[in-house]
Novice: 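After the structure tokens below, expect a handful of questions from me.
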Amino acid sequence: MKYADLSKEELIERIEILEEKIKSSSSVQMILDNIPSIVGIVNKDGIIELVNNSWRSFIFENYPKIKNHGVGYDLYDFCKLSFAKELVKNKNALAELYDVLDGPNDSFEFECPFYVKGQKHWFHMRAGRYLCKEGQKIVVTFDDISEVKSSQVTISEERDRFDEILSALDTGLRIIEPDMTIGWVNSKTREMFPASEIIGQKCHKVFGGDEGFCEDCATRRSFDHGCSSTTEHFHPTQKKWFSVYTVPIRDANGKVIRVLESVTDISKDKKTELHLKQSEFRYRSLFNNNSVMMFLVNPVDGKLIDVNKAAERFYGWSRTEMQNMSVYDINIMPREELEVEILRNLRLDKNTFHFQHQDAYGEVHDVEIHSGPIMIDGRKIIHSSILDVTERKKTELELLRLRRSVDNSFASVVITDRGGNIVYVNPAFSKITGYTLDEAIGKNTRVLKSGVHPSEFYEEMWRVLVRGKTWKGEICNRKKDGTLFWEQATISPVTDKNGRLTNYVAVKDDITERKELERLKEDVERIMHHDLKNPLNGIIGLPDILLMDGELSDEYNDILGMIKSSGYRMLRMIDSSLNLFKMENKTYDYHPQVVDLIDVLETLFKDMESKYSSKGIDIVMEGNPAKSLMVLAEHDLLYVMLSNIVVNAIEASPEDKQLVIEIPSSPDRIVRVVNKGAVPQEVRQDFFEKYKTHGKKGGTGIGTYSSKLIADTMGYSLTMSTSDEEDETTIEIGIAYPDAVGGIIGNF
């Protein structure tokens, strides 16, 4: 039956049925399927009801275990199983999302990371509430912003240029339904055509001044013929001319279901037909002068219909030359593979591509292409924007190499955010601590805290880091199984190009075995010292027993006195050795007294006579002619310190040379020990460090170390200088004098 044969009531009923069909869920599905974003519809109970093609494709490819692509799932359960699992971990963001579901908030936005095949990506998630006849619904969208994250600078520049273009446009947008009613308009359209009611009105009543349909209606032509079209019409009420560009919106079967109109006020340009040329000039200027390379491509044969100046400069061919070429001439991908990609672009399956292009000089560049079909004069062509990403690819390759180096490193590497939350660990970290990558990511480094160190230890560490400095030290941590272990750690802050703190990077070596060896060595040293003292006490007591006889000659009495003196000296040296351990731990209780430095040196020379005489070394004291020089010290500590320094000088000196000890005169406070022979280059920087020795048979490397430790304890300075030219080494000792009121005159 024809519509002309229907009664008015029947016609109205048919129209209402048609409207219901157009507004049915199938139309919603078609609209959703034409959206490249991942989109889903969620009901008020949080159940996923409807998803688009992008959603289904992404779930099918990356999460095949999720049944029915997630439709029917509770949104929270779906997020736990899919790419939005990071959202579930973020309690604040999850609460905001449920505020949209429950009603307090109208919308929600969130950027969340997700992992696909071990690679980190980013989604920008949005959710918004709307009311339909079935009740309240929620639209949830996900947009992959991984490329945006990795190309902030480029994207920022492109965004600025895009914003400038949008700001310059004076265009209204509106969607017309098949019955010629207005379905949607933007804010610019409302400015152009102020009316209390626009949505649902017949378009000619709002846009045509209520004088009926235009004779040359571009919108009707788009519905009837499925083509884009441009018309101009005069609004009799506003007394203005408008240019209307229409674009048909098709469903999956190619049927035109709506028409998008772009409306521009051209009243100022309508004086003559020159506005058409000016419009062409604006388009050409925008196309040609854009800093981004652009192509217009015939999808049938790949011919370059047009290129802009940026493309000419980049590829090295003129515009005329390139218009005689095709994309197959510059893209090094095999033609049959490229044809498949072009077809995917036409079908809107894909709009971003990474290719390699060859220029006029034969050089190959990595390019990123953002492409899509547009309609011009009723035919579909491809518009492409090309970005040179060659340098970015090189950077990515370098980062990949660095990543592999870090992954293969024996040292543990940890990267955290500003709050100390872990964002990356290498395999060495997992091997040492027992935490896998997935277990470590998101955890705070406090999970490793052992409880061994006081709170002041960590406070000092953070004081260094917040000042932008690198912290180095030894730290005891706890593994996943509760085992304690020691690490030599270097923690450094990381800043962006503007100097803002972004991360912390820690590189750590497991020194547990070394710490155990040091502890064992200390225990052995203490045991040996204790075991030595018992027989030594017996030796010291023996001369007193023999001297009680009273019938020994003076020569034997002197020998026994020497044995007793040497025994006591050895006992004091053992005690001093034990005291070194206390000095290292800052627990030694120092009690300075007034000591005669000259007397200590003379005793020292007497005790060492056989040692320096055997090498033919002559010890000479120069400087202060006085018979005594009072200093502030502990007698035994001073003796051990000077003994170690002089022994080291004797051992380092060649035979038959002179060893000079310069005694200061007040107010000079420097004692100098000078011997022939330069310190080897290998140990100069570490001369006073523990276990550092070179070229001395049987050397332990603790003589100079203990001298420095004793000097620090007594408030003395101790420095070494050596000269290859003079073949000479000098040790300078900054001593402390007693002052007139019982205090000291220090060396600083």
Novice: Give a yes or no on this: more than 12 heavy atoms of other residues, nucleotides or ligands lie within 6.0 Å of atom CZ of Arg250.
Specialist: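 Yes, the 6.0 Å shell around CZ holds more than 12 heavy atoms from other groups.
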Novice: Between Glu312 and Lys309, does any side-chain N to carboxylate O distance fall below 4.0 Å?
Specialist: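 Salt bridge: no.
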Novice: Output yes when Arg56 and Asp33 qualify as a salt bridge under the 4.0 Å nitrogen-oxygen rule, no when they do not.
Specialist: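 Result for this pair is yes, salt bridge flagged.
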Novice: If you count the non-hydrogen atoms of other residues, nucleotides and ligands that lie under 6.0 Å from NZ in Lys137, is the total more than 12?
Specialist: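 It does: Lys137 NZ has more than 12 such atoms within range.
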Novice: Under a 3.5 Å threshold, yes or no: a donor from one side chain and an acceptor from the other, between His121 and Gln119?
Specialist: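 No, because no side-chain N or O of His121 sits under 3.5 Å from a partner of the opposite role on Gln119.
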Novice: Looking at side-chain heavy atoms only, is the closest gap between Ile66 and Tyr73 below 4.5 Å?
Specialist: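 Yes, at least one pair of side-chain atoms sits under 4.5 Å.
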Novice: Please check if the side chain of Asp144 supplies one atom and the backbone of Phe123 the other of a donor-acceptor pair under 3.5 Å.
Specialist: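 Judged by distance alone, no pair lies under 3.5 Å.
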Novice: Under a plain distance cut-off of 3.5 Å, with no hydrogens placed, do Asn308 and Asn290 share a side-chain donor-acceptor pair?
Specialist: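 No, Asn308 and Asn290 have no side-chain donor paired with an acceptor closer than 3.5 Å.
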Novice: Only one of Asp143, Thr141, Asn52 forms a side-chain hydrogen bond (donor to acceptor under 3.5 Å, both in side chains) with Ser37, so which one is it?
Specialist: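 Only one option passes, and that is Asp143.
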Novice: For Ser430 and Val425, work out which heavy atoms get closest and say how close.
Specialist: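 Between these two residues, the closest heavy atoms are OG-CG2, 4.3 Å.
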Novice: Could I get the full list of side chain to side chain contact (heavy atoms under 4.5 Å, CB included) partners for Ser385, not counting sequence neighbours?
Specialist: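 Testing Ser385 for side chain to side chain contact (heavy atoms under 4.5 Å, CB included), a comparison that skips the adjacent residues, returns Val292, Met294, His383.
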Novice: What is the distance from atom NZ of Lys188 to atom CZ of Arg174, rounded to the nearest 0.5 Å?
Specialist: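 The NZ atom of Lys188 sits 13.5 Å away from the CZ atom of Arg174.
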Novice: Indicate whether the side chain of Glu111 and that of His124 have a donor and an acceptor atom separated by less than 3.5 Å.
Specialist: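 Their side chains do not contain a donor-acceptor pair, so the 3.5 Å distance test is not met.
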Novice: Between His357 and Phe295, how do the two ring planes meet: parallel, tilted or perpendicular, split at 30° and 60°?
Specialist: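 Ring orientation of His357 relative to Phe295: parallel.
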Novice: Please work out whether the ring planes of Phe314 and His365 are parallel, tilted or perpendicular, with thresholds of 30° and 60°.
Specialist: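 Tilted.
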Novice: Indicate whether any N or O donor in one side chain lies under 3.5 Å from an N or O acceptor in the other, for Asp179 and Thr181.
Specialist: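 Yes - a donor-acceptor pair under 3.5 Å links their side chains.
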Novice: I'd like to know if the side chain of Asn43 reaches the main chain of Gln136, judged simply by a donor and an acceptor atom lying under 3.5 Å from each other, with no hydrogens or angles considered.
Specialist: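 Flag not set: sc Asn43 to bb Gln136 has no pair under 3.5 Å.
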Novice: So does Lys255 pair up with Asp251, basic N to acidic O under 4.0 Å?
Specialist: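 Asp251 and Lys255: not salt-bridged.
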Novice: Hey, is Asp366 close enough to Lys394 for a salt bridge, meaning N to O under 4.0 Å?
Specialist: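 The answer is no: the pair does not qualify as a salt bridge.
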Novice: Any idea which heavy atoms bring Gly183 and Glu177 closest together, and the distance?
Specialist: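 In this case the closest contact between Gly183 and Glu177 is CA-OE2, 3.8 Å.
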Novice: Tell me which donor-acceptor pairs under 3.5 Å the side chains of residues 333-344 have, and how far apart each pair is, sequence neighbours excluded?
Specialist:
unit_1: Arg335; atom_1: NE; unit_2: Glu339; atom_2: OE2; d: 3.1
unit_1: Glu341; atom_1: OE1; unit_2: Lys350; atom_2: NZ; d: 3.4

Novice: Taking side chain as C-beta onward, heavy atoms only, is Val297 less than 4.5 Å from Ile305?
Specialist: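 In short, these two side chains do not touch, never coming nearer than 4.5 Å.
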